[in-house]
Student: 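The structure is given below, and queries will be raised subsequently.
Keep in mind that the numbers below use all heavy atoms, side chains included, and drop hydrogens, waters and symmetry copies.
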Amino acid sequence: MPHSSWLKAVGAAFAVALATAPAAHAAPAPAPELTAATSVAAVVTLRYDDSRAGGWEAAIAAGVASWNRNVSNVRLVEAAPGTRAEIQIVATSGWPQATLGPVRPGGQVRVELGSQAVSQGYDKTRIATHEMGHSLGLPDTKPGPCSQLMSGSAAGTGCTNAVPNATERSRVESAYAGGLASLVPADGRTLVDAP
């Protein structure tokens, strides 16, 4: 048999063998590799506007930094000029007050940083951080010790703690679990933090 005829015969036999062979099953795909991006919980970004909170800039920055350090699934960022912010922060002459959240992305709450508390001797950074806590869904825990950020003015003028405790952190994390704010709408009550 000439070489070319032999190749044709082998090729035909091979084609018949392939056509009549049982279908091969593909090997299972390897399990997806977990990366840092897939293992990190979704983060809710909330924008704040402090353009009307003159004199409180340092306290607001410190309060934002405290929340960003202490909760992992919520990130507070300053809103770009002209964009809508979920948290509107303003300076007032009265007592500090805020809308009780948790605010959702696209929603809106108001924080009023009142100078009356500062004139009474309360710490600006604690005030700003406490009021932002209301926006994130935390009510007051009065009376309470200085170690509870949400005890507010009940802790006295000597208290400068601006760090949420484990329970407060856990409540915020729970409200924003799964990358979305709680399905329960923001409470909407205004909480006034006068002694």
Student: Using modelled atom types only, decide if a donor and an acceptor are shared between the side chain of Glu131 and the backbone of Ala128 within a distance under 3.5 Å.
Tutor: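 No; judged by distance alone, with no hydrogens or angles, the pair does not exist.
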Student: Could you walk me through whether Leu138 and Arg171 pass the side-chain contact (heavy atoms from CB on, under 4.5 Å) check?
Tutor: CA-CA 7 Å; Leu138 298 177; Arg171 288 186 70 184; 3.6 Å; yes
Student: Does any part of the side chain of Arg126, heavy atoms only, come nearer than 4.5 Å to the side chain of Cys159, both counted from C-beta?
Tutor: yes
Student: Go through the steps for Val163 and Asn70 under the test side-chain contact (heavy atoms from CB on, under 4.5 Å), then give the verdict.
Tutor: CA-CA 8 Å; Val163 178; Asn70 286 287; 3.8 Å; yes
Student: Please report the closest heavy-atom contact between Ala155 and Cys146, naming both atoms and the distance.
Tutor: CB-CA, 3.6 Å
Student: Please check if the side chain of His130 supplies one atom and the backbone of Leu149 the other of a donor-acceptor pair under 3.5 Å.
Tutor: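 Checking the backbone N and O of Leu149 against the side chain of His130, a donor-acceptor pair under 3.5 Å is found.
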Student: Quick check: do Gln108 and Arg84 have side-chain heavy atoms less than 4.5 Å from each other?
Tutor: yes
Student: How far apart are the closest heavy atoms of Gln116 and Ser119, and which atoms are they?
Tutor: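 Taking Gln116 first and Ser119 second, the nearest heavy atoms are O-OG, 2.8 Å.
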Student: For residues Val111 and Tyr48, determine if any side-chain heavy atom of one lies less than 4.5 Å from a side-chain heavy atom of the other.
Tutor: no
Student: State plainly whether the residues Glu112 and Arg110 are in salt-bridge range, i.e. N to O under 4.0 Å.
Tutor: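 Between Arg110 and Glu112 there is a salt bridge, with a charged N closer than 4.0 Å to a carboxylate O.
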Student: Only one of Val43, Val44, Leu46, Val64 passes side-chain contact (heavy atoms from CB on, under 4.5 Å) with Arg75; say which it is.
Tutor: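 Among the candidates, only Val43 passes.
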Student: Indicate the atoms forming the closest heavy-atom contact of Gly144 with Ala154, along with that distance.
Tutor: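 Smallest interatomic distance, heavy atoms only, reads N-CB, 4.0 Å.
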Student: Does the Asp50 side chain pair with the main chain of Ala53, one donor and one acceptor, at a distance under 3.5 Å?
Tutor: no
Student: Does some side-chain heavy atom of Ser170 sit less than 4.5 Å from a side-chain heavy atom of Glu173?
Tutor: no
Student: Looking at side-chain heavy atoms only, is the closest gap between Ile60 and Leu113 below 4.5 Å?
Tutor: yes
Student: Distance check, rounded to the nearest 0.5 Å: Thr167 atom OG1 versus Met150 atom CE?
Tutor: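 Between Thr167 OG1 and Met150 CE, I get 13.0 Å after rounding to 0.5 Å.
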Student: Check Gly54 against Ala91 and note the closest heavy-atom contact, atom names and distance.
Tutor: O-CB, 4.0 Å
Student: So, does Thr141 use its side chain to make a donor-acceptor pair with the main chain of Ser151 at under 3.5 Å?
Tutor: yes
Student: Give, for atom OG1 of Thr160 and atom CD1 of Ile127, the distance between the pair rounded to the nearest 0.5 Å.
Tutor: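 The CD1 atom of Ile127 is 12.0 Å from OG1 of Thr160, to the nearest 0.5 Å.
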Student: State the CH2-OG distance between Trp95 and Ser115, to the nearest 0.5 angstrom.
Tutor: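 Atom-to-atom, Trp95:CH2 and Ser115:OG are 10.0 Å apart.
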Student: Can you tell if the side chain of Tyr122 reaches within under 4.5 Å of the side chain of Val118, non-hydrogen atoms only?
Tutor: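 Of all side-chain heavy-atom pairs linking Val118 with Tyr122, none is under 4.5 Å.
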Student: Quick check: closest heavy atoms across Thr129 and Trp67, and the distance to 0.1 Å?
Tutor: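 The pair with the smallest heavy-atom distance is O-NE1, 3.0 Å.
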Student: Looking at every heavy atom in both Ser66 and Pro164, which two are closest together, and how far apart are they?
Tutor: OG-CD, 3.6 Å
Student: Give a yes or no answer on whether the side chain of Asp140 reaches the backbone of Lys142 with a donor-acceptor pair at less than 3.5 Å.
Tutor: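 Not confirmed, Asp140 side chain does not pair with Lys142 backbone.
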Student: Rounded to the nearest 0.5 Å, how far does CZ of Arg104 lie from OH of Tyr176?
Tutor: 9.5 Å
Student: Does the side chain of Met132 reach to within under 4.5 Å of the side chain of Leu76, using non-hydrogen atoms?
Tutor: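 The answer is yes, as the side chains (C-beta and beyond) meet within the 4.5 Å cut-off.
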Student: I want to check something: taking the side chain as every heavy atom from C-beta on, are Arg47 and Ile87 in contact at a cut-off of under 4.5 Å?
Tutor: no
Student: So, the side chain of Glu57 versus the backbone of Gly55: is there a donor-acceptor pair under 3.5 Å, distance only?
Tutor: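 Such a contact is found between Glu57 side chain and Gly55 backbone.
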